[in-house]
Amino acid sequence: MADILGERDDAIPDIKTRVAEPSRESQLPKRFYKVVAIAEVEEGFGVVLDERPVRTPGKALLASTSKDVADMLAGEWDAQGERIEPMTMPVTRLLNTAIDGVATEMQAVQEDIIRFAGTDLLCYRADGPDALVTRQMERWDPVLDWAQTALNARFELAAGVMHQPQPEATIAAFSTHVGMVNDPAVLAATHVMTTLTGSAIIAMAALKGELDLEMAWSIAHLDEDWNIEQWGEDEEAAARRAVRFRDMKAAYEVAQAVSNA
């Protein structure tokens, strides 16, 4: 598995030559299996390729406590064509990270999510134009109201980009709920949702079922969508956003599936 999903060796110099470099596709590993299946393992449900278990780069079994997540993993592996493209496998990448990294660094990941809450997207408001200010208020305020009611965390707002420290009691209350996320896969998914949206509050609301996937993604991109309405959409930016949404969808679905397993 490590040689399949591993990164390029940085020690190899990237030397430009007159000879055309091989295409990225030709550098991807070839598909080496025919049949993808799911098997029950000690960790829950694992993926097997031609009856051989898939392992993470760290040599652990690629498995989940959720059968639904195992189905997602198997679907990604089965969907590969002649070559294996890791970037089209967001659930596999997420579980690799959860198993090899997050599981042994739970506190550090929790603290990183909490740091996002200290400078959360939803707390920084535009000072104009009025239509944008109103849209932020209509779509973001209900999420902050939910945080105050459900999490006992009352976040304060700031205009513009000047840092507004949040009350210690607010961060403490929010930290309590982050600390309750004790499954590595769910925590990894929550961290992905946090970084992709720029908001730990949105991620927590999505995790707890207050926001569905589409609403969480929409309110996180409120400012970006406003700019698109005014100036039009850039094709390359739209493509990058589509890739990020794919990762967001994977994280949301993994979090929901494991939490409900």
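For the single chain, residues carry numbers from 1 onward in sequence order. Every value quoted in this text rests on a predicted model; they were computed, and no experiment measured them.
Ser259 places no side-chain N or O within donor-acceptor distance of the main-chain N or O of Gln256, the cut-off being under 3.5 Å. Remark: the backbone N or O of Glu214 is not paired with any side-chain donor or acceptor of Tyr252 at under 3.5 angstrom. Between the Trp146 side chain and the Ala205 main chain, no donor and acceptor come within less than 3.5 Å of each other. A side-chain donor-acceptor contact under 3.5 Å links Gln166 to the backbone of Glu156. In this structure, Asp50 contributes its side chain and Val35 its backbone to a donor-acceptor pair below 3.5 Å. Judged by distance alone, with hydrogens and angles left aside, the side-chain atoms of His221 form a donor-acceptor pair with the main-chain N or O of Trp217 at under 3.5 Å. Arg93 contributes no side-chain N or O that, together with a main-chain N or O of Thr88, makes up a donor-acceptor pair within less than 3.5 Å.
In plain terms, the two heavy atoms of Leu28 and Pro86 that are nearest each other are CD2-CD, 4.2 Å. Residues Leu207 and Ala255 approach most closely at CD1-CB, 3.9 Å, considering heavy atoms. Among all heavy-atom pairs drawn from Ala74 and Val36, the shortest one is O-CG1, 3.6 Å. Residues Leu121 and Trp140 approach most closely at O-CZ3, 3.7 Å, considering heavy atoms. In terms of heavy atoms, Asp120 sits closest to Ile201 at OD2-N, 3.1 Å. When all heavy atoms of Ala203 and Thr190 are compared, the pair lying nearest together is CB-O, 3.8 Å.
The distance from the CE atom of Met180 to the CE atom of Met204 is 9.5 Å, given to the nearest 0.5 Å. Taking OG1 from Thr149 and CD from Glu210, the interatomic distance works out to 9.5 Å, rounded to the nearest 0.5 Å. Ile114 CD1 to Gln107 CD: the interatomic distance, rounded to the nearest 0.5 Å, is 9.0 Å. The CG atom of Asp141 lies 11.0 Å from the CD atom of Gln148; values are rounded to the nearest 0.5 Å. Separating the CD1 atom in Ile228 from the CD atom in Glu233 is a distance of 4.5 Å, to the nearest 0.5 Å. Here the CD atom belonging to Glu43 is positioned 10.5 Å from the OG1 atom belonging to Thr65, to the nearest 0.5 angstrom.
Leu213 is connected to Val91 through a chain of hydrophobic side-chain contacts under 4.5 Å among Ile, Leu, Val, Met, Phe, Trp and Tyr, so both are in one cluster. Linking Ile, Leu, Val, Met, Phe, Trp and Tyr residues whenever their side-chain heavy atoms come within less than 4.5 Å places Leu157 and Leu122 in a single cluster. Using a 4.5 Å cut-off between side-chain heavy atoms of Ile, Leu, Val, Met, Phe, Trp and Tyr, with links allowed through other members, Val54 and Leu73 fall into the same hydrophobic cluster. Following chains of ILVMFWY side-chain contacts shorter than 4.5 Å, one cannot reach Leu61 starting from Trp77, and the two form parts of different hydrophobic clusters. When the side chains of ILVMFWY residues are joined at heavy-atom separations under 4.5 Å, either directly or via intervening members, Leu94 and Ile38 end up in two distinct hydrophobic clusters.
Crowding of Asp130 atom CG: a count of heavy atoms from other residues, nucleotides or ligands under 6.0 Å not exceeding 12. Under a cut-off of 6.0 angstrom, the local environment of CZ in Arg154 is sparse, with at most 12 non-hydrogen atoms contributed by other residues, nucleotides or ligands. More than 12 heavy atoms of other residues, nucleotides or ligands shown are found within 6.0 angstrom of CE on Met106. Heavy atoms from other residues, nucleotides or ligands lying under 6.0 Å from CG of Asn227 number more than 12.
The pair Arg31-Asp78 meets the salt-bridge criterion, since a charged nitrogen lies less than 4.0 angstrom from a carboxylate oxygen. Ionic pairing of Arg135 and Asp225 is not present here: no N-O contact between side-chain nitrogen and carboxylate oxygen is shorter than 4.0 angstrom.
At least one side-chain heavy atom of Val178 sits less than 4.5 Å from a side-chain heavy atom of Phe174. A heavy-atom distance below 4.5 Å is found between the side chains of Ser64 and Val258. Contact annotation: the side chain of Glu224 approaches that of Arg241 to within less than 4.5 Å [non-hydrogen atoms, C-beta and beyond]. Taking 4.5 Å as the limit, every side-chain heavy atom of His177 sits out of range of all side-chain heavy atoms of Ser175. Using a 4.5 Å heavy-atom threshold, the side chains of Tyr33 and Glu51 count as separate. In this structure, the side chains of Leu95 and Val254 come closer than 4.5 Å at one or more pairs of heavy atoms. Residues Lys208 and Leu151 form a side-chain contact, since some pair of their non-hydrogen atoms from C-beta on lies under 4.5 Å apart. Considering only heavy atoms from C-beta on, Asn96 comes within 4.5 Å of Pro57 through its side chain.
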* **Audit row: Leu187, Gln110, side chain to side chain contact (heavy atoms under 4.5 Å, CB included) steps and yes/no** => CA-CA 8 Å; Leu187 186 60; Gln110 290 167 344; 3.8 Å; yes
Notebook entry, point to check: Would Leu62 and Thr92 satisfy side chain to side chain contact (heavy atoms under 4.5 Å, CB included), going step by step from the backbone distance to the final call?
Noted result: CA-CA 8 Å; Leu62 181 64; Thr92 297; 4.1 Å; yes
Side chain to side chain contact (heavy atoms under 4.5 Å, CB included) for Asp212 and Met215? Distances and angles first, verdict last. CA-CA 5 Å; Asp212 63 21; Met215 181 59 71; 3.1 Å; yes
Discussion item. Test side chain to side chain contact (heavy atoms under 4.5 Å, CB included) on Ile219 and Thr197; report intermediate values, then the result.
Written reply: CA-CA 9 Å; Ile219 65 174; Thr197 62; over 6 Å; no
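Side-chain atoms of Thr56 and Asp100 include a donor-acceptor pair closer than 3.5 Å. A donor atom on one side chain and an acceptor atom on the other are not found under 3.5 Å apart for Glu76 and Gln80.
Of the candidates Asp112, Ile113, Thr119, Asp112 is the only one forming a side chain to side chain contact (heavy atoms under 4.5 Å, CB included) with Phe116.
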